[in-house]
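One-based numbering, in listed order, for ligands and for the atoms of each. Only heavy atoms go into these numbers, but all of them, side chains included; no hydrogens, no water, no symmetry mates.
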Amino acid sequence: MITRQFGIPVTSPGAILRREKDLGTPLGEEIAEVLERGGLVSDKIIVELIEDWLRLHGGHGFVFDGFPRTLPQAESLMSILARLRTALDLALWLEVSQQTVFERIAGRLQCGECGFTTSASSAQFAERPVCPYCDGRLMRRSDDDLAVLQTRLSEFETKTQPLASFYAKISVLHRIDGNRDREAVFADISRLIEDKARA
Ligand code: AMP
């Protein structure tokens with residue numbers, strides 16, 4: 001939605017890694033087991049992916065979805081941006097209750113091609129699981145499983161949670177109530193991006 005509305009390219013290491021795994025590339029084979037059990041892929045691999053992506057797409061703004069997830073990744077990003085003389089404008093912290101996480105993950109359908117995400121409870125997609133943007137097939141993610149989710153949540157608590165104070169300290173953190181519907185959350189995000197563009 002951010003790319004469609006603002007023309008800002010978005011990348012997500014999770015989406016890149018799932019594609020590598022599905023294609024069976026050497027990187028995909030290396031990280032498949034970590035993805036399946038819900039662990040975090042090494043900082044070195046993730047930072048290289050982000051650097052490569054920025055070199056190709058990062059000229060006029062960018063959004064990272066699911067990056068950084070550890071303090072070393074956040075510190076690497078600061079060095080990369082300093083080298084590129086680019087400022088970090090916003091760190092958006094989408095706060096959701098455990099109940100919301102469980103409900104959304106239990107019903108999540110994702111497009112294998114473009115990453116569009118929706119809920120299996122939506123009648124439109126339950127009957128015809130096809131992406132409205134690219135005609136890709138909408139599927140459950142293999143890591144959207146209760147046991148794997150426990151690992152993902154505990155990785156979040158120990159390794160990602162500390163990033164809230166890291167970004168609060170440099171005054172870029174904005175907390176958003178992610179328990180609301182997609183439109184309300186997107187309206188808040190849009191407002192922050194528009195305010196930043198005006199500043
Ligand atoms: P996501 O699509 O963001 O839910 O990520 C799916 C999976 O990809 C995660 O459970 C991790 O195994 C891996 N992954 C995604 N982003 C990162 C990251 N920044 N650092 C380490 N592993 C990641």
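The protein heavy atom nearest to atom 23 (C) of ligand 1 is Ile46 CD1, 3.8 Å. Distance from atom 11 (C) of ligand 1 to its nearest protein heavy atom, with residue and atom name: Gly39 O, 3.3 Å.
Inclusion of Ala15 in the set of residues having an N or O under 3.5 Å from an N or O of ligand 1 is not warranted. No N or O atom of Val34 sits closer than 3.5 Å to an N or O atom of ligand 1. Of the N or O atoms in Ser12, none lie within a sub-3.5 Å distance of an N or O in ligand 1. At under 3.5 Å, a nitrogen or oxygen of Gly66, whether backbone or side chain, sits near a nitrogen or oxygen of ligand 1.
Separation of atoms CD (Glu113) and CG (Leu138) is listed at 10.5 Å; rounding is to 0.5 Å.
The contact set between ligand 1 and Leu17, taken as ligand atoms under 4.0 Å from a residue heavy atom, comprises 8 (O), 13 (C), 14 (N). Atoms of ligand 1 lying under 4.0 Å from any heavy atom of Arg141, numbered from 1 in the order shown and given with element: 1 (P), 2 (O), 4 (O), 6 (C). Against a heavy-atom cut-off of under 4.0 Å, Pro13 is close to the following atoms of ligand 1: 16 (N).
For the pair Glu194 and Arg198, the salt-bridge criterion is not met [side-chain N within less than 4.0 Å of a carboxylate O]. For Asp188 and Arg175, the salt-bridge test fails: no basic side-chain N is under 4.0 Å from an acidic carboxylate O. The pair Glu155-Arg69 fails the salt-bridge criterion, with no side-chain N (NZ, NE, NH1 or NH2) lying under 4.0 Å from an Asp/Glu carboxylate O.
Residue nearest to atom 1 (P) of ligand 1, selected from Glu36, Arg152, Arg69: Arg69 (by heavy-atom distance). Proximity annotation for atom 7 (C) of ligand 1: of Leu35, Val148, Asp144, Ile31, Leu35 comes nearest, heavy atoms only.
In this structure, Arg18 has a heavy atom closer than 4.0 Å to ligand 1.
Heavy atoms from both the backbone and the side chain of Val41 come within less than 4.0 Å of ligand 1. By the criterion of a heavy-atom distance under 4.0 Å, the side chain of Gln73, and not its backbone, is placed next to ligand 1.
No hydrogens or angles considered: a donor-acceptor pair under 3.5 Å links the side chains of Ser97 and Thr100.
Judged purely by atom type and a 3.5 angstrom limit, Thr70 has no side-chain atom pairing as donor or acceptor with the backbone of Pro68. Formation of a donor-acceptor pair under 3.5 Å by the Arg152 side chain with backbone atoms of Asp143 is found in this model.
Aromatic rings from Phe116 and Phe125 are positioned such that their centres are separated by under 6.0 Å.
Under a hydrophobic-cluster definition in which Ile, Leu, Val, Met, Phe, Trp and Tyr are linked whenever side-chain heavy atoms come within less than 4.5 Å, directly or via other members, Val172 and Ile80 are assigned to the same cluster.
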